[in-house]
Amino acid sequence: MLRWSMLRYLSAGESHGPALTVILDGVPAGLELVAADHIDPWLRRRQGGYGRGRRQVIETDAASLLGGVRAGRTTGAPLAMQIENRDWRNWTQIMDPAPGGEPRKRALSAARPGHADLAGGIKYGHKDLRDVLERASARETASRVAAGAVALRLLSSAGVDGCARVVSMAGLPCDGGMDWDRLDALDDSPLRCFDSEAEAAIIERIDEAKRTGDTLGGVVEARFRGLPIGLGSHVQWDRKLDGRLAQAAMSIQAIKAVEIGDGWYGATALGSQVHDAIYRSEEEGYHRTTNRSGGLEAGITTGEELVVRAAMKPIATLMKPLPTVDVVSHEPADAARERSDTTAVPAASIVVLAMCALVVADALLEKFGADSVREITERLEAHGAWTASF
Ligand code: EPS
């Protein structure tokens, strides 16, 4: 069991049901929050990226705030949000919660390898695997992004910026180096990366994968700057921030690996090449000239940029399907084909940022108070003075 969180996120809703519902409990009072300004732009970013399927043409995701906000400010009460599924109108008979519809019309029994279909069907006793896939679908990540956008807003009120980008796709690097002054370039890039030269070759790979009915994955990065030293803790396993971030990022659909800082590379190098020497000056206080630890030591923020990378496997729905078994006939079959994306790696970068923002905001509330933004601001100032004189 995990520790009790200050910020608790829950969601409900199916991919082709009426709407996605989000509850975010623990948002402090006094946070200026306007859905159109602070949440919807992140929802739009999640919908973007080269290689997406037709669903994103149908949807224009927007969050309706249904609780916890008054006159553009949070009250401290649980935040309730709803994101409408526009596609619902094409699925009313198939997804009707009431009996009497036509649920069999889009029944699915040829389990897709790599998706939740087979294990979920056996676990919950569904022979119509649509009862699994509707909730397992990455459509659910819109809920995560709405909640994460609130966390990003809260972090921004504490002087913390967040950024999401793609650093490689289909095995081709497109890192281009981090540049906080060019965040707009990420929004303009079809792959959400800083390397426009690598982009063309990757787009060719995506086109090729689409042509051949295949899919492809990649590596995304979430990054935060302006963090105070001391979020998280070394004293108990479930309070370590690295562990909490890894859990949040790994819980995202199709994410199969997470690293912090130099992560996998660190296992191959010498200690002197992996750890970050410590310096102190009057102007900069404690600081490092390298950040191989990715801003975390022993599960505590070091004050350097927090860098989390996550590997997304190729999407499991293939138009050139793999062999499988039909769970009704028990005969060999080709895996079911559902409308899907060729790749959703740029979107996944936004989802990873959102989930990491929830974890970092949770740790911020833990250390600096969770009732009001004013309280957090005062305590942050006191902490800044303490750190400077330490
Ligand atoms: C997605 C919505 C889904 C898929 C995709 C992501 O919508 P639909 O099933 O109606 O096309 O496009 O989901 C998956 C790739 C998946 O494996 O579930 C979205 O909104 O992000």
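In what follows, every heavy atom counts, from backbone to side chain, and hydrogens, waters and symmetry copies are set aside. Order of appearance sets the numbers: ligands from 1, and atoms from 1 within every ligand.
- Taking a 6.0 Å sphere around NZ of K240, one finds it holds more than 12 heavy atoms contributed by other residues, nucleotides or ligands.
- Sequence neighbours left out, not one pair with a member in residues 45-83 passes ring-ring contact (aromatic ring centres under 6.0 Å, His included).
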Could you pull out every N or O of ligand 1 that sits under 3.5 Å from a protein N or O, with the distance for each pair?
residue  : atom   : partner : partner atom : Å
ligand 1 : 7 (O)  : R55     : NH1          : 3.2
ligand 1 : 10 (O) : H16     : NE2          : 2.6
ligand 1 : 10 (O) : R55     : NH1          : 2.8
ligand 1 : 10 (O) : R339    : NH2          : 2.6
ligand 1 : 11 (O) : R339    : O            : 3.3
ligand 1 : 11 (O) : R339    : NE           : 2.9
ligand 1 : 17 (O) : H115    : NE2          : 3.0
ligand 1 : 18 (O) : S137    : OG           : 3.4
ligand 1 : 18 (O) : A138    : N            : 3.1
ligand 1 : 20 (O) : R46     : NH2          : 2.9
ligand 1 : 20 (O) : Q56     : NE2          : 3.0
ligand 1 : 21 (O) : R46     : NH1          : 2.7
ligand 1 : 21 (O) : R46     : NH2          : 3.4
ligand 1 : 21 (O) : R52     : NH2          : 3.3

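- Looking only at atom types and distance, the side chain of S11 has a donor-acceptor partner in the side chain of R135 under 3.5 Å away.
- For residues 248-280, no residue pair satisfies the ring-ring contact (aromatic ring centres under 6.0 Å, His included) rule, not counting sequence neighbours.
- Of the N and O atoms on the side chains of E14 and W88, not one donor lies less than 3.5 Å from an acceptor on the other residue.
- Judged as a ring-ring contact (aromatic ring centres under 6.0 Å, His included), the pairs with a partner in residues 336-377 (not counting sequence neighbours) are, in order, F368-H383.
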